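All of these numbers come straight from a predicted model, not from anything done at the bench.
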Amino acid sequence: MNALRIAGIAAALAAVLLLAGPAAAPPQRLSRAEHQQQMKQGEVKLRFHQAVVMLHAKEYDHAVTALHRVLELAPAMPEAHVNMGYALLGLKQADAALAFFRTAIDLKPQQANAYYGLAMAAELKQDYETALGGMRSYLHLSRNESEPHRAKARAALWEWEQKLGRPRG
C-alpha cells in the first residue's frame, strides 16, 4: 500500500512537471541603457497611439501635444511627422502642416499618406501646382485600387486642374 501511494505521488508529480513544461528561464538582467531604451520605446508607442485616437476624435490640439512628445523621443519617425501634419491641417495651420509633411517625405520618400497630406495643405493655401504634384505622387505610391482615398484624390486632381485652366483630356 505504501509503495502504491508513493508511485501515485511520483506519477502525479511527473504529470505536473510534464504539463508545466521546461523551467522558465530566469529573468534577463538589463543594463540601465537597455532599460531606458525599452521605456522610451514604450512611451513612443503609447503617445503615438494616443495621438492617433485624438486625430480620429478631431481633438487636434491634444494630438499635437502627444505628437510633440513622440517627436522629442523619436525625431526620425516619419509617421509621427505625417500625423503632426494632419493635426495641424485640422487646426487650419497649412504652413506648419506643409513643413511636417515635407519632413516625413525627406525621412521616407515612399510614405504615400505624406504626399496626400502635402496636397491637402497646399490646397488650403490655394497652391494648386504643389497640390497637384503631391496628389499625383500619392496616387503613384498607393497602387492599391481599393484604397478609399484614391477616388477622392482623383476628384481633387480634376478640380485643381480645372482651377488652373487645364481640363483633362
Side-chain angles (χ1 to χ4, degrees), residues 30-169:
L30 298 175
S31 71
R32 176 181 232 160
E34 291 169 326
H35 176 70
Q36 287 173 334
Q37 184 62 26
Q38 281 185 352
M39 296 303 290
K40 179 179 168 182
Q41 288 172 345
E43 185 178 355
V44 166
K45 197 175 198 179
L46 173 68
R47 298 282 181 219
F48 186 80
H49 176 73
Q50 289 171 339
V52 168
V53 169
M54 290 177 222
L55 276 173
H56 287 291
K58 298 184 181 187
E59 295 288 335
Y60 302 118
D61 286 321
H62 295 299
V64 165
T65 300
L67 288 163
H68 270 301
R69 181 63 181 150
V70 170
L71 290 168
E72 261 178 42
L73 297 169
M77 183 180 183
E79 298 83 4
H81 288 274
V82 169
N83 283 356
M84 181 66 88
Y86 282 111
L88 292 166
L89 258 182
L91 295 171
K92 305 289 187 230
Q93 296 178 20
D95 288 325
L98 277 168
F100 279 97
F101 290 126
R102 285 185 173 125
T103 300
I105 291 165
D106 288 343
L107 290 168
K108 187 177 177 187
Q110 307 81 17
Q111 188 80 32
N113 61 345
Y115 292 97
Y116 191 96
L118 179 104
M120 301 314 295
E123 178 190 34
L124 196 58
K125 293 178 50 93
Q126 298 181 349
D127 177 358
Y128 300 113
E129 289 292 344
T130 300
L132 282 169
M135 202 57 84
R136 286 182 182 129
S137 294
Y138 165 75
L139 285 169
H140 176 73
L141 291 169
S142 68
R143 300 208 177 249
N144 182 356
E145 287 300 323
S146 65
E147 168 67 37
H149 291 94
R150 287 182 65 82
K152 290 179 186 178
R154 286 189 189 102
L157 283 175
W158 181 86
E159 179 184 329
W160 299 332
E161 287 172 340
Q162 293 296 311
K163 287 184 181 194
L164 289 170
R166 291 190 230 152
R168 292 174 87 169

Report the residues that fulfil side-chain hydrogen bond (donor to acceptor under 3.5 Å, both in side chains) with [X], sequence neighbours left out, ordered by chain and then residue number.
X      : result
Glu129 : Arg166
Gln38  : none
Thr65  : none
Tyr86  : none

> Do the side chains of Met135 and Glu123 get nearer than 4.5 Å, heavy atoms only?
Replying inline: no
> Just wondering, do Glu161 and Tyr128 contact through their side chains at under 4.5 Å, heavy atoms?
Replying inline: no
Sequence neighbours left out, what passes side-chain contact (heavy atoms from CB on, under 4.5 Å) with [X]? Give chain and number order.
X      : answer
Ala121 : Leu89, Ala97, Leu98, Phe101
Gln37  : Lys40, Gln41
Ala96  : Leu88, Gln93

> When rounded to the nearest 0.5 angstrom, what is the spacing between CE in Met84 and CG in Leu55?
Replying inline: 9.5 Å
> Roughly how far apart are Arg102 CZ and Leu107 CG, rounded to 0.5 Å?
Replying inline: 14.5 Å
> Can you name the closest pair of heavy atoms from Pro78 and Ala76 and give their distance?
Replying inline: CD-O, 3.0 Å
>> Could you go through Asn83 and Val70, starting from their C-alpha distance and side-chain angles, then the distance that decides it, and tell me whether this counts as side-chain contact (heavy atoms from CB on, under 4.5 Å)?
In response: CA-CA 11 Å; Asn83 283 356; Val70 170; over 6 Å; no
>> Using the side-chain contact (heavy atoms from CB on, under 4.5 Å) definition, which of the options Ile105, Leu118, Val82, Leu71 pairs with Phe100?
In response: Leu71
Side-chain donor-acceptor pairs under 3.5 Å in residues 110-117, sequence neighbours left out?
| unit_1 | atom_1 | unit_2 | atom_2 | d |
| --- | --- | --- | --- | --- |
| Gln111 | NE2 | Asn113 | OD1 | 2.9 |
| Tyr115 | OH | Pro109 | O | 2.9 |

>> Tell me which pairs pass salt bridge (Lys or Arg N to Asp or Glu O under 4.0 Å) where either residue lies in residues 89-100, with sequence neighbours left out.
In response: Asp95-Lys125
>> Considering only residues two or more places apart or on different chains, which pairs with a residue in residues 69-81 satisfy side-chain hydrogen bond (donor to acceptor under 3.5 Å, both in side chains)?
In response: Glu43-Arg69, Arg69-Glu72
> Which pairs with one or both residues in residues 53-62 pass side-chain hydrogen bond (donor to acceptor under 3.5 Å, both in side chains), sequence neighbours excluded?
Replying inline: none
Sequence neighbours left out, cut at 3.5 Å: what donor-acceptor pairs do the side chains of residues 44-53 make with other protein atoms?
| unit_1 | atom_1 | unit_2 | atom_2 | d |
| --- | --- | --- | --- | --- |
| Arg47 | NH1 | Gln50 | OE1 | 3.1 |

